[in-house]
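Below is one structure, written out as structure tokens; comments come after it.
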Number of protein chains: 2
Amino acid sequence: MARAGTTARKTRNQLEKRQAIFEAALDVFSEKGLRGATLEQVAKAAGLSKQNVVYYFNGKDAIYAELLESLLEVWVQPLRDMSADGDPLDEILTYVSRKVQMSRDMPRESRLFATEILHGAPRLGDVLPSELKALVDEKSAIIQGWMDAGKLAPLDPHHLIFSIWAMTQHYADFDVQVRSVLGPDRSATRFEDAEAFIKDMLIRTLRP
Amino acid sequence: MARAGTTARKTRNQLEKRQAIFEAALDVFSEKGLRGATLEQVAKAAGLSKQNVVYYFNGKDAIYAELLESLLEVWVQPLRDMSADGDPLDEILTYVSRKVQMSRDMPRESRLFATEILHGAPRLGDVLPSELKALVDEKSAIIQGWMDAGKLAPLDPHHLIFSIWAMTQHYADFDVQVRSVLGPDRSATRFEDAEAFIKDMLIRTLRP
DNA sequence: CGCAGGTTTTTGCGATTGGTCATATTCATC
DNA sequence: GATGAATATGACCAATCGCAAAAACCTGCG
């Protein structure tokens, strides 16, 4: 037996299979949650048998944990990219664009994280209070700098970031509700409309 | 056998027990989700035996479904109370206040609805596209009226409501993340700070 | 008081689901 | 064909839902 899940070195085939399982797991877990999903559903979506999935990972929880971890960096990248060098408003509006884009193109990832955090983020370990906090603190300091320089209206940077997270991710996480309320026709342009709305709101708010 | 769950008429004792089960179920379901929670956990939290809980309801799903339904009206009440007669900005800021208050005082309810909608809201039936849509459309029309009268800056009312939902509920649903990022000291005042921030943002945005 | 009716609770069990393990068997590659 | 990787098969075990029937508990009324 190979225990593909534990060995560090992996063949091309192994990586492909693991990727297929990740993709399937993202589908199933984001829709039903960790407990609501079964290994068999993941296996079927990946085109493998339940036992074969276990061969590549060490069980259900391991898939979920590794999936979360592998998506983490991608998830916070837009905030990472916010630079102190750019134009303040541009930087923030670009950040909003990218977050709306992620809600449209990666709703499963958004829901996965949402569910996890909603339930207390037990598997995110201490990533939130350490790494994420550090990142947000760093970017908040930059924003604060812009405000101190009179380039933006003075507001609490932390809550500004929270509000951007909330508004943008809302369109991925609560898509069912958004579409229900907007109705079929207006739903077609919900992401563009949302982006325009949020940007408009931030421009009016942040104008010094 | 009495089938307390099905009969329309209920004694005082029955109602009390059912209420206790609701309370326990809210605790457990909001924390672990429907599938993640077990009947026994609910029963223990309610101080009853598992089988006795089944006596009062017709099983796990029935508790969850009835719980959701019983909370729905409470949940949308603040929006219901928004009146066309009041001062536009006041009405909206009051709405924000009440929503933040609900995030602080009823986080379990918020998370329960969040989880449900996140997973496609299968048990909310067609409440979203019918009743909720009607309510939001009605209030959006009122806001639109205010904007047309020049009392508020022109914005999309639907997305304005979405953004208020998103920002206020964020502090209940993602409380773990908020507290992690803010750190212990700043967390103490997170709801007051959030309310002030959101109101400030809306005032700047909606000023005609 | 005591018992007859219904109500509530407990006991015990059947059945299903789902995660995991152990052991073949097939496959690919040298 | 030899060797290790990959897949398939079968079985097991734990968790848990839900039912049925017995037991305990009222409560009103003769």
Side-chain angles (χ1 to χ4, degrees), chain A residues 1-68 119 122-123, chain B residues 1-25 27-29 31-68 119 122-123:
Chain A
M1 45 170 157
R3 301 244 96 331
T6 54
T7 46
R9 186 163 296 281
K10 309 199 177 61
T11 75
R12 166 152 191 74
N13 195 351
Q14 278 179 341
L15 288 177
E16 279 173 1
K17 286 286 169 63
R18 285 173 61 90
Q19 201 52 45
I21 293 173
F22 268 157
E23 175 65 22
L26 181 54
D27 250 21
V28 178
F29 285 146
S30 68
E31 191 181 337
K32 315 207 168 191
L34 172 58
R35 307 264 173 164
T38 74
L39 253 187
E40 204 157 292
Q41 291 171 326
V42 174
K44 190 177 179 184
L48 298 172
S49 75
K50 187 173 66 164
Q51 294 89 339
N52 200 13
V53 170
V54 177
Y55 170 76
Y56 284 99
F57 289 88
N58 284 335
K60 190 180 173 183
D61 288 14
I63 301 176
Y64 185 78
E66 290 194 41
L67 181 61
L68 266 187
H119 292 10
R123 334 220 159 218
Chain B
M1 44 168 158
R3 306 245 70 2
T6 55
T7 46
R9 185 165 296 282
K10 308 196 179 63
T11 74
R12 168 151 189 74
N13 194 351
Q14 280 177 340
L15 289 178
E16 278 174 0
K17 287 285 170 62
R18 284 173 62 90
Q19 201 53 44
I21 293 173
F22 269 156
E23 175 64 23
D27 251 20
V28 178
F29 285 146
E31 190 181 336
K32 316 208 168 189
L34 172 57
R35 306 267 174 165
T38 75
L39 256 185
E40 202 155 298
Q41 291 171 326
V42 174
K44 190 177 179 183
L48 297 172
S49 74
K50 183 178 68 168
Q51 295 84 346
N52 202 11
V53 169
V54 177
Y55 170 76
Y56 284 101
F57 289 87
N58 284 336
K60 193 178 168 182
D61 288 14
I63 302 176
Y64 184 78
E66 291 194 39
L67 180 62
L68 266 188
H119 292 7
R123 335 220 158 216

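Sequence lines set the chain letters: A, B, ... in the order given, protein chains first and strands last, and positions in each chain run from 1.
Counting only heavy atoms from C-beta on, B:Q51 has its side chain closest to C:dT10 among C:dT7, D:dT7, C:dT10. Checking C:dT8, D:dC17, D:dA6 against every side-chain atom of A:Y55, the shortest atom distance belongs to D:dA6. Considering only the side chain of A:K17, D:dT7 comes nearest among C:dT8, D:dT7, D:dC17. Comparing D:dG18, C:dG18, D:dA6 by their closest approach to the side chain of A:Y56 singles out D:dA6.
As rounded to whole Å, 15 Å separates atom P of C:dT7 from atom CZ of B:R18. Atom OH of B:Y64 is separated from atom C1' of D:dC17 by 18 Å (rounded to the nearest Å). For B:N58 and D:dA20, the CG to P distance is 12 Å, given to the nearest whole Å. In this structure, CG of B:L39 is placed 17 Å from P of C:dT17, rounded to the nearest angstrom. Going from atom CG of A:D61 over to atom C1' of D:dA15 covers 15 Å, rounded to whole Å. Distance B:E40 CD to D:dA15 C1': 10 Å, rounded to the nearest Å. For B:R35 and D:dT16, the CZ to P distance is 14 Å, given to the nearest whole Å. Between A:N52 atom CG and D:dA8 atom P there is a gap of 6 Å when expressed in whole angstrom units.
Side chain of A:K17 to backbone of A:A46: no donor-acceptor contact under 3.5 angstrom is found. Counting only distance, with no hydrogens or angles, the side chain of A:K60 and the backbone of A:A37 share a donor-acceptor pair below 3.5 Å. Distance alone, capped at 3.5 Å, is enough to place a donor-acceptor pair between the B:R18 side chain and the B:Y56 backbone.
Within 4.0 Å (heavy atoms only), A:A37 reaches sugar-phosphate atoms of the nucleic acid but no base atom.
The shortest side-chain heavy-atom distance between A:D61 and A:L34 falls under the 4.5 Å cut-off.
No N or O donor and acceptor, one from the side chain of A:Q41 and one from the base of C:dG18, sit under 3.5 Å apart. At a cut-off of 3.5 angstrom, counting only N and O atoms as typed in the model, there is no donor on one side facing an acceptor on the other between the side-chain of A:K50 and the base of C:dG18.
Of the side-chain N and O atoms in B:S49, one or more sit less than 4.0 angstrom from OP1 or OP2 of C:dT10.
Annotation: A:R35, atom CZ; neighbour count of heavy atoms from other residues, nucleotides and ligands within 6.0 Å does not exceed 12.
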